[in-house]
Amino acid sequence: MSHVADLPEVLTPEEAAAFLRVPEDSLQRLVSKQALPGRKIDDQWRFLKAALAAWLCDRTGKDILLGQAGALADDESLVGLRNAIYESRGRSETEAE
C-alpha cells in the first residue's frame, strides 16, 4: 500500500509502520515497551489507525511538566516559596548538598 489514505482502519504491523513512517523494527520496539496503542490477537498485532493518530498527538509527561513550568515562570510567589524551601533545609540555593 503506497498511500496512507488507502490504509484500512485496522492495521497490521507493516501498515502501522508505514502509517507512522518508521521502520518496522522501530514499531516493534515501541510495542515491546507498551508505548504504542495496539492489541495482540492470538499471535498477531493489530493497530487502530485512529488510535495511532491520537498517540502521535498525545503530550508526554515531560511535555506537560515543561508546559506547567512555563506557565509558572511569571508567578511572583515562586521566589518566596523557593527561598522558604531552602531556608527549611538550612542552606542557600547556591550551596552544594
Heavy-atom pair with the smallest gap, counting every atom of [X] and [Y]:
X: Leu27; Y: Ala16; value: CD1-CB, 3.9 Å
X: Leu52; Y: Phe19; value: CB-CE2, 3.8 Å
X: Ala51; Y: Pro37; value: O-CG, 3.6 Å

Practice item. Without swapping roles, check the side chain of Trp55 against the backbone of Ala35 for a donor-acceptor pair under 3.5 Å. Key: yes
Practice item. Report yes or no: does Gln44 contribute a side-chain atom to a donor-acceptor pair with the main-chain N or O of Ile41 at less than 3.5 Å? Key: no
Review point. Among pairs that include at least one residue of residues 31-47, which meet salt bridge (Lys or Arg N to Asp or Glu O under 4.0 Å), considering only residues two or more places apart or in two chains?
Key: none
Study note, to complete from the structure: One should read off an interatomic distance between Leu20 CG and Leu36 CG, to the nearest 0.5 angstrom, of 6.0 Å
Practice item. Could you tell me the separation between the OH atom of Tyr86 and the CG atom of Leu81, rounded to the nearest 0.5 Å? Key: 11.0 Å
Review point. Just wondering, more than 12 heavy atoms not from Glu24 lying within 6.0 Å of its CD?
Key: yes
Review point. When you check the side-chain N and O atoms of Ser32 and Arg29, is any donor under 3.5 Å from an acceptor?
Key: no
**Study point:** Criterion side-chain contact (heavy atoms from CB on, under 4.5 Å) on Thr12 and Phe47, from CA distance to verdict
**Key:** CA-CA 7 Å; Thr12 65; Phe47 306 88; over 6 Å; no
Revision key, fill the gap. Cluster membership besides Val10, Ile/Leu/Val/Met/Phe/Trp/Tyr side chains within less than 4.5 angstrom, sorted by chain and number, is Leu48
